[in-house]
Colleague: 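Let me begin by handing over the structure; questions about it come next.
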Amino acid sequence: MKFGAMKPQRRNRLLLVLGLLAGVGLALTFVLKALNSNINLFYTPVQVIDGEVPIGARVRAGGMVEAGSIRRSEGSLEVAFTVSDLAGAAFEIRYIGILPDLFREGQGVVATGALSQDGVFFAEEILAKHDEKYMPPEVAMALDATKLEALQP
């Protein structure tokens with residue numbers, strides 16, 4: 001078998017295929033970077049307290065609104081309240097805006113926002129459950145996991 005110089009037609013075809021593969025790889029890299037920056041991860045109160053939440057990153061956090069923890073600011077739409085996992089872990093959420101109609105103490109909420117250096121979660125959006133049987137899936141799973149951990153010795 002004799003190996004010689006590559007024919008110009010074959011070389012051009014090989015360069016075209018390599019160029020297409022490089023272009024697809026570059027496009028895929030950009031798409032994955034864009035998707036990664038738009039992901040909102042969900043964190044439970046235990047994870048917020050343990051410091052697993054990145055400071056300043058846009059995330060979702062939730063739990064149950066503690067009874068007696070809702071504080072409204074006079075003359076503005078600012079509200080502060082405490083969210084708990086019903087097992088002792090709790091953190092404060094501050095929100096400026098109109099709360100959902102179904103928002104109240106003892107209900108499950110999911111807040112989208114960012115955690116500050118001092119451990120206060122500043123929410124941009126608050127979601128509340130829509131009937132007495134519904135609970136956001138993330139909150140339900142987090143509460144179930146907390147209950148299981150509490151039962152284990």
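The first residue in the sequence is number 1, and the count goes up from there. All figures in this text were calculated on a predicted structure; none of them were measured in a lab.
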Colleague: Looking at Glu125 and Thr112, would you say the former's side chain and the latter's main chain have a donor-acceptor pair under 3.5 Å?
Modeller: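 Checked: no pair found.
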Colleague: Atom CG of Leu99 and atom CG of Leu77: how far apart are they, to the nearest 0.5 Å?
Modeller: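 Taking CG in Leu99 and CG in Leu77, the distance rounds to 9.0 Å.
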Colleague: Excluding sequence neighbours, so at least two apart, what forms salt bridge (Lys or Arg N to Asp or Glu O under 4.0 Å) with Glu52?
Modeller: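 Counting only residues at least two positions away or on another chain, Glu52 forms no salt bridge (Lys or Arg N to Asp or Glu O under 4.0 Å).
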Colleague: Look up atom CE in Met64 and atom OG in Ser84, then write down how far apart they are to the nearest 0.5 Å.
Modeller: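 It is 8.5 Å, given to the nearest 0.5 Å.
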Colleague: Do the charged groups of Arg58 and Glu124 touch, with an N to O distance under 4.0 Å?
Modeller: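 A salt bridge links Arg58 with Glu124.
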Colleague: Set out, in order, the CA-CA distance, both residues' side-chain angles and the distance that settles side-chain contact (heavy atoms from CB on, under 4.5 Å) for Glu105 and Glu66, then state yes or no.
Modeller: CA-CA 6 Å; Glu105 297 172 350; Glu66 284 190 345; over 6 Å; no
Colleague: Kindly indicate whether the side chain of Ile126, heavy atoms from C-beta on, has any atom under 4.5 Å from the side chain of Pro100.
Modeller: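 Side-chain contact under 4.5 Å: yes.
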Colleague: Ignoring hydrogens and angles, tell me if any N or O in the side chain of Gln107 forms a donor-acceptor pair with the backbone of Arg104 under 3.5 Å.
Modeller: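 Judged by distance alone, no pair lies under 3.5 Å.
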Colleague: Between CG of Leu21 and CG of Leu16, what distance do you get to the nearest 0.5 Å?
Modeller: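 It comes to 9.5 Å.
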Colleague: By the definition side-chain contact (heavy atoms from CB on, under 4.5 Å), identify the one residue from Ile49, Asp85, Thr44, Thr82 that meets it with Phe91.
Modeller: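 Only match with Phe91 under side-chain contact (heavy atoms from CB on, under 4.5 Å): Ile49.
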Colleague: Which atom names give the shortest non-hydrogen contact between Val59 and Leu41, and what distance separates them?
Modeller: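 Of all heavy-atom pairs spanning Val59 and Leu41, the closest is CB-O, 3.6 Å.
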Colleague: Take Arg71 and Glu92, measure what salt bridge (Lys or Arg N to Asp or Glu O under 4.0 Å) needs, and give me the verdict at the end.
Modeller: CA-CA 11 Å; Arg71 299 174 309 281; Glu92 182 179 351; 2.9 Å; yes
Colleague: Taking the ring centre of each residue, are Phe81 and Phe103 less than 6.0 Å apart?
Modeller: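 Yes, ring centres under 6.0 Å apart.
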Colleague: Membership question, hydrophobic clusters at under 4.5 Å side-chain separation (ILVMFWY): are Val48 and Ile55 in the same one?
Modeller: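 As far as the 4.5 Å side-chain criterion goes, Val48 and Ile55 are connected within one cluster.
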Colleague: Going through the distances and angles, do Val109 and Val83 end up as a side-chain contact (heavy atoms from CB on, under 4.5 Å)?
Modeller: CA-CA 8 Å; Val109 295; Val83 172; 4.0 Å; yes
Colleague: Which distance, rounded to the nearest 0.5 Å, do you find between the CG of Leu15 and the CE of Met6?
Modeller: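 Rounded to the nearest 0.5 Å, the CG-CE separation comes to 8.5 Å.
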Colleague: Tell me whether the count of non-hydrogen atoms from other residues, nucleotides or ligands lying under 6.0 Å of CG in Leu18 goes above 12.
Modeller: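 Above 12, so yes.
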Colleague: Which pair of heavy atoms, one from Tyr43 and one from Pro54, lies closest together, and at what distance?
Modeller: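 Looking at all heavy atoms of both residues, the shortest contact is OH-CD, 3.7 Å.
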Colleague: Decide if atom CG of Asp118 counts as having more than 12 heavy atoms of other residues, nucleotides or ligands within a radius under 6.0 Å.
Modeller: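 Yes - once you tally the heavy atoms of other residues, nucleotides and ligands closer than 6.0 Å, there are more than 12.
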